[in-house]
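Chain letters run A, B, ... following the sequence lines, proteins first and then strands; every chain starts at 1.
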Protein chains: 2
Amino acid sequence: MTAEPFLADCRARLAFDLLSHTWNAVVLWALRDGPRRPVELRERIGGISSKVLTETLRRLEFNGLVDRHARPASPPRVDYGLTPLGRTLLAPIDAFGAWAFEHGDEVLAAQDATRPPASEEPRPHPGP
Amino acid sequence: MTAEPFLADCRARLAFDLLSHTWNAVVLWALRDGPRRPVELRERIGGISSKVLTETLRRLEFNGLVDRHARPASPPRVDYGLTPLGRTLLAPIDAFGAWAFEHGDEVLAAQDATRPPASEEPRPHPGP
DNA sequence: CAGTATCCCCTAAGATACTG
DNA sequence: CAGTATCTTAGGGGATACTG
């Protein structure tokens, strides 16, 4: 595809709203090769609090991208996995991942070139 | 590509931070077939205020994705265009656009299915 | 027309602590 | 371990009005 419709179409905005939450794409990506438990996700991702992870998962769940499977037990045992719909998002996300690796440095260079604004570094990242 | 590196790599977060601003991708997309003046962009996009558009353009400029060309005159005449770097982002963005058209309805359906949370409809969109 | 200046609001996201 | 409860803050984004 390469039409030019979606500025008019709200579904496009909808898609971008999905990405406009800092952690959504990251969490989806972290689920790319199979269901994971919250602890695992937090390890994998790094720098995300339990609370924010839960919120993110709920959000993804609400949008039909993620499934929650709880197996009653104590200590609790839960895992989250991608729905078929969620899986369809991996390719586009991957495209961005690839882009980041190819062009990330150029972005950083551009930022350095324009030091002053100082404000624009992406939100404070937790870990290195 | 389809590796699994970028959770560890900050450049990935960097890429997603680019998208985590509501209007960034939309504006980039609106520039996809050539430089445009702010007025034109606002028409094309719809629902974006002058202020927010400027902010967005500044942000994209700062990240090396957009170029500003001002031709002294009055009334002022300015246009913004994609840099080569910015152009490299079109493909990934396009992937999302395509996704939105293919799967947008499924997301909406999922949302309706889980009415209650009510909070998750993407941020209030201006026009339909 | 391009852009800035205000003012306001809302909420995402962080930190911390607690429960079943 | 999964998840919730609080509290706080920063800043994105909207509305409006104004200037060169």
Side-chain angles (χ1 to χ4, degrees), chain A residues 13 16-27 31 35-63 66-81 117-127, chain B residues 13 16-27 31 35-63 66-81 117-127:
Chain A
R13 254 102 152 187
F16 287 119
D17 282 329
L18 285 180
L19 298 184
S20 71
H21 290 268
T22 313
W23 297 104
N24 280 13
V26 175
V27 170
L31 290 172
R36 288 282 180 278
R37 307 170 54 198
V39 220
E40 299 171 316
L41 287 175
R42 295 186 58 194
E43 287 168 6
R44 280 200 138 192
I45 294 174
I48 187 172
S49 73
S50 158
K51 177 202 153 203
V52 171
L53 176 60
T54 307
E55 286 172 351
T56 304
L57 287 167
R58 293 269 177 289
R59 194 157 47 212
L60 295 172
E61 204 185 347
F62 176 66
N63 286 291
V66 155
D67 253 349
R68 194 188 112 110
H69 305 286
R71 291 199 290 302
S74 79
R77 171 96 189 187
V78 181
D79 44 30
Y80 293 87
S119 50
E120 200 40 36
E121 313 250 353
R123 314 214 182 73
H125 286 154
Chain B
R13 254 103 151 188
F16 287 120
D17 282 330
L18 285 179
L19 298 183
S20 72
H21 290 267
T22 315
W23 296 104
N24 280 13
V26 175
V27 170
L31 289 172
R36 289 281 181 277
R37 307 170 55 198
V39 220
E40 298 171 318
L41 287 174
R42 298 186 56 194
E43 287 168 4
R44 278 200 140 193
I45 294 173
I48 188 173
S49 74
S50 158
K51 176 199 156 204
V52 171
L53 175 60
T54 307
E55 287 172 351
T56 304
L57 288 168
R58 293 270 177 287
R59 193 156 49 212
L60 295 173
E61 203 185 348
F62 177 66
N63 285 292
V66 155
D67 254 349
R68 194 189 113 110
H69 305 286
R71 291 199 290 299
S74 79
R77 171 94 189 190
V78 181
D79 45 27
Y80 293 87
S119 49
E120 201 38 38
E121 312 250 354
R123 317 214 179 74
H125 285 155

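As rounded to whole Å, 9 Å separates atom P of dA2(D) from atom OH of Tyr80(A). Straight-line distance from the CD atom of Glu55(A) to the C1' atom of dA15(C): 13 Å, rounded to whole Å. With rounding to whole Å, Leu57(A) atom CG is found 14 Å from dC1(D) atom C1'. Rounded to whole Å, atom P of dG14(D) lies 11 Å from atom CD1 of Ile45(B). Rounded to whole angstrom, the span from the NZ atom of Lys51(A) across to the P atom of dT11(C) amounts to 13 Å. Rounded to a whole Å, the CZ atom of Arg42(A) is 12 Å from the P atom of dG14(C). Regarding Ile48(A), its CD1 atom lies at a distance of 12 Å from the C1' atom of dA12(C), rounded to whole Å. Atoms CD (Glu43(A)) and C1' (dA2(D)) sit 14 Å apart, rounded to a whole Å.
Applying the salt bridge (Lys or Arg N to Asp or Glu O under 4.0 Å) test to Glu43(B) and every residue at least two apart in sequence or in another chain returns nothing. Every residue meeting the side chain to side chain donor-acceptor pair (under 3.5 Å) condition with Arg58(B), not counting sequence neighbours, appears here in chain and number order: Tyr80(B). Residues satisfying the side chain to side chain donor-acceptor pair (under 3.5 Å) criterion with Arg42(B), sequence neighbours excluded, are absent altogether. In this structure, Asp67(B) has no salt bridge (Lys or Arg N to Asp or Glu O under 4.0 Å) partners at least two apart in sequence or on a different chain. By the side chain to side chain donor-acceptor pair (under 3.5 Å) test, Arg77(A) pairs with no residue at all, sequence neighbours left out.
Ion pairing between Arg59(A) and Glu55(A) fails under the 4.0 Å rule for side-chain N and carboxylate O.
When each of dC1(C), dT6(C), dG12(D) is scored by its nearest atom to the side-chain atoms of Pro75(B), the top-ranked nucleotide is dC1(C). Picking from dA2(C), dG14(D), dT4(D) the nucleotide with the shortest atom distance to the side chain of Val52(B) gives dG14(D). Of the candidate nucleotides dG13(D), dT4(D), dA13(C), dA13(C) has the atom lying nearest to any side-chain atom of Arg59(A).
Between Arg77(A) and dA2(D) there is no side-chain polar atom (N or O) within less than 4.0 angstrom of OP1 or OP2. Residue Arg58(A) has a polar side-chain atom (N or O) positioned under 4.0 Å from OP1 or OP2 of dT4(D). For the pair Arg37(A) and dA2(D), the criterion of a side-chain N or O lying under 4.0 Å from OP1 or OP2 is met. Taking side-chain N and O atoms only, Thr22(B) has a distance below 4.0 Å to OP1 or OP2 of dG13(D). OP1 or OP2 of dC1(C) has not a single side-chain nitrogen or oxygen of Arg36(B) nearer than 4.0 Å.
No contact: Ser49(B) has no heavy atom under 4.0 Å from any strand.
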So what's the dot-bracket for DNA chain D: Watson-Crick or G-U pairs under 3.5 Å, [ ] if a pair crosses, | if it pairs off-strand?
||||||||||||||||||||
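Screening Thr56(B), Val52(B), Val26(B) for a side-chain contact (heavy atoms from CB on, under 4.5 Å) with Ile45(B), the sole residue that qualifies is Val26(B).
Ranked by how close their nearest DNA chain C nucleotide is to the 5' end, Asn24(A) and Pro76(A) are led by Asn24(A).
A 4.5 Å side-chain heavy-atom check between Pro38(A) and Thr54(A) finds every atom pair outside the cut-off.
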